[in-house]
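Here the structure is a predicted model, which means the values were calculated and not measured. A note on names: the letters A, B, ... follow the listed sequences, proteins ahead of strands, and every chain is numbered from 1.
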Amino acid sequence: MYLTRFFLPVLRETPKEAEIVSHQLMLRAGMIKQSAAGIYSWLPLGLKVLKKIEQIVRDEQNRAGAVEVMMPTIQSADLWRESGRYEAYGKEMLRITDRQERDLLFGPTAEEAITSIFRDGVKSYKDLPKNLYNIQWKFRDEIRPRFGVMRGREFLMKDAYSFDLTKEAARASYQRMFVAYLRTFARLGLRAIPMKADTGPIGGDLSHEFIILAETGESEVFCHRDLLEGAIPSADTNFEDDLSPIMDAWTSKYAATEDMHDADRFKKEVPEDARVSARGIEVGHIFFFGTKYSEPMGCRVQGPDGQMVTLQMGSYGVGVSRLVGAIIEASHDDGGIIWPVPVAPFEVAVINLKAGDEATDAVCADLHDRLQAAGIDVLVDDSNERAGGKFATMELIGIPYQIVVGPKGVKSNEVEVKARIGGDRETMAPEAALAHVVEEINRARVLV
RNA sequence: CGGGGCAUAGCUCAGCCUGGUAGAGCACCUGCUUUGGGAGCAGGGGGUCUGGAGUUCGAAUCCCCAUGCCCCGACCA
């Protein structure tokens with residue numbers, strides 16, 4: 001992609017409505033534009049990041065054996081009357097009436113929709129276990145949206161729902177998602193820590209929030225330092241195996257958000273030098289809720305003995321659009337965003353310091369074509385901007401690698417390669433620069 | 001929903017108190033000079049001053065009513 005063809009409305013100054021750094025940087029980098037409170041348009045740069053995150057989430061759901069569906073964003077009120085939540089949900093639910101005076105709503109979540117699909121499609125225990133997920137736009141009419149996409153009213157979310165015959169089987173389903181989440185967040189370049197969460201009326205130990213540490217996190221969190229270095233299950237993990245050892249390893253050490261924090265236990269169980277207390281952002285939440293929806297909605301199958309059994313369900317959410325902001329919160333500096341390679345909108349920026357200079361243009365075009373052929377997402381800055389402006393923009397939008405091509409260097413067959421992280425610069429031949437960034441990027445892509 | 005604040009050019013803001021027909025910086029367009037870490041000079045385009053209703057000869061400015069957005073709180077993927 002060439003910058004002169006792309007749409008990248010960057011702002012030099014920070015719009016005053018943005019409070020936290022991710023919101024400020026997303027606006028300045030031309031990733032989003034606010035349309036109404038908590039509702040945003042995704043501009044090309046932001047959309048590229050969103051899509052990359054979405055694809056990694058999808059990839060790991062599929063790996064764990066979940067199956068994707070897509071459902072309507074507009075749902076029928078009748079469906080929600082079945083579960084009893086139409087009345088219970090409150091003003092956060094955006095209610096709509098159509099021309100026939102039928103009650104509709106813009107889905108804030110998908111338990112009802114998915115349960116109704118599942119119950120009509122599965123009648124035998126032989127069809128279990130199953131896990132269906134969707135990645136869709138949801139709407140919650142929050143009293144006070146804020147922090148940009150971190151807490152918008154409209155948001156892209158992945159919700160998975162597991163269906164099992166027994167609680168034991170449901171536990172195994174839960175563990176599969178637990179492992180999938182460890183891998184998902186690691187692949188996004190994040191270190192997410194599963195923390196014990198409130199299970200609500202159901203009780204038990206099957207509810208975890210996945211938290212990433214960031215200064216601007218919404219809640220205070222406490223955990224054992226070892227969890228910051230926990231082992232990520234490898235790509236060849238067999239999801240048919242017993243995953244208890246992995247989950248046990250991750251849940252045996254203290255980790256809790258402020259709601260669940262027990263200061264005495266924390267002191268007793270965690271040595272002083274291993275105590276981490278920080279602020280955290282919730283990027284995922286998984287929980288087992290038994291028959292909360294399957295019971296009222298009649299989601300049952302016939303068991304081996306011919307008796308009808310109400311299914312045990314769990315739900316597993318990832319805030320996809322929120323993750324865009326969360327990653328920025330966790331990865332930025334004074335110059336702007338620092339994208340982890342797997343989610344970077346472009347992996348390499350080729351900066352043409354003198355667009356219009358024949359030799360410089362030729363080197364840039366060659367790099368562009370060969371990077372693209374190598375499967376690298378490349379953006380060539382072929383604008384007439386001055387050098388300083390180009391550097392500042394690429395730094396702002398956080399492209400992991402820059403190849404700087406100028407007329408002086410071209411004469412001596414040299415370009416400069418610069419890494420966004422650390423800012424190291426190295427001069428080398430264009431050939432070497434190409435090989436270098438391709439190697440670095442391929443390495444960064446297969447971290448887990 | 002309670003409390004507070006703001007609304008003037010794409011962005012950041014001045015002008016409002018004390019009414020007289022709209023400004024700056026950045027961005028944008030033209031030209032010249034420049035060109036390796038957000039250049040300089042000259043010229044130029046762009047505004048229903050959030051909306052409505054008042055007071056007045058005259059309203060961005062004063063009065064009233066709406067609306068939108070932001071912040072604090074309760075709520076929250």
Side-chain angles (χ1 to χ4, degrees), chain A residues 8-20 23-24 27-28 30 33-39 57 89-93 107-111 135-160 181 197-198 207-212 217-219 257 259 280-287 315-326 334-336 351-357 360 381 383-396 402-412 414-416 418 423 425 427:
Chain A
L8 187 70
V10 297
L11 300 174
R12 195 145 158 188
E13 288 177 89
T14 303
K16 62 180 170 183
E17 73 262 21
E19 168 98 334
I20 60 168
H23 191 192
Q24 295 173 344
L27 290 169
R28 286 193 53 210
K33 177 158 172 57
Q34 178 163 326
S35 157
I39 301 177
V57 170
Y89 214 93
K91 290 191 167 178
E92 276 189 7
M93 179 187 278
T109 177
E111 282 88 356
I135 301 175
Q136 294 190 234
W137 291 94
K138 319 243 153 109
F139 191 93
R140 289 184 195 169
D141 198 359
E142 297 283 346
I143 294 167
R144 182 147 99 87
R146 59 183 131 175
F147 304 150
V149 299
M150 296 270 289
R151 184 129 168 250
R153 290 194 290 173
E154 189 178 55
F155 53 96
L156 187 66
M157 187 158 176
K158 187 281 297 183
D159 278 304
Y181 275 35
D198 193 356
S207 179
H208 290 89
E209 289 180 8
F210 284 75
I211 303 277
I212 63 168
E218 67 240 297
S219 61
T257 60
D259 301 341
I281 300 170
E282 181 185 347
V283 289
H285 193 171
I286 61 179
F287 53 100
S315 118
Y316 315 91
V318 171
V320 177
S321 50
R322 156 176 276 209
L323 271 165
V324 180
D334 290 345
I351 298 181
N352 185 336
L353 287 177
K354 191 164 186 179
D357 178 90
T360 312
D381 185 345
S383 69
N384 280 316
E385 190 75 28
R386 298 177 64 82
K390 296 188 179 197
F391 294 132
T393 297
M394 288 308 157
E395 195 159 289
L396 171 66
Q402 295 174 9
I403 301 177
V404 183
V405 184
K408 291 177 199 163
V410 164
K411 277 187 189 138
S412 51
E414 281 177 338
V415 298
E416 183 181 276
K418 182 181 166 188
R425 295 191 239 172
T427 300

Contact class for [X] (heavy atom, under 4.0 Å): base, sugar-phosphate, or nothing?
{"X": "A/Gly335", "value": "nothing"}
{"X": "A/Glu92", "value": "sugar-phosphate"}
{"X": "A/Gly409", "value": "base"}
{"X": "A/Arg425", "value": "base"}
{"X": "A/Gly389", "value": "base"}
{"X": "A/Ser321", "value": "nothing"}
{"X": "A/Lys138", "value": "nothing"}
{"X": "A/Glu209", "value": "nothing"}
{"X": "A/Glu218", "value": "nothing"}

Which residues satisfy the salt bridge (Lys or Arg N to Asp or Glu O under 4.0 Å) test with [X], sequence neighbours excluded?
{"X": "A/Glu13", "result": "none"}
{"X": "A/Arg140", "result": "none"}
{"X": "A/Glu414", "result": "none"}
{"X": "A/Glu385", "result": "none"}

>> Could you check whether any side-chain N or O of A/Tyr181 sits under 3.5 Å from a backbone N or O of A/Tyr316, counting only pairs where one atom can act as donor and the other as acceptor?
In response: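 At least one qualifying donor-acceptor pair exists.
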>> Students should find this one: the first and last nucleotides of RNA chain B, 5' to 3', lying under 4.0 Å from a heavy atom of chain A. What are they?
In response: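 Going 5' to 3' along RNA chain B, contacts run B/C1 to B/A77.
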> Who passes side chain to side chain donor-acceptor pair (under 3.5 Å) against A/Thr360, sequence neighbours left out?
Replying inline: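 With neighbours one apart ignored, the set is A/Asp357.
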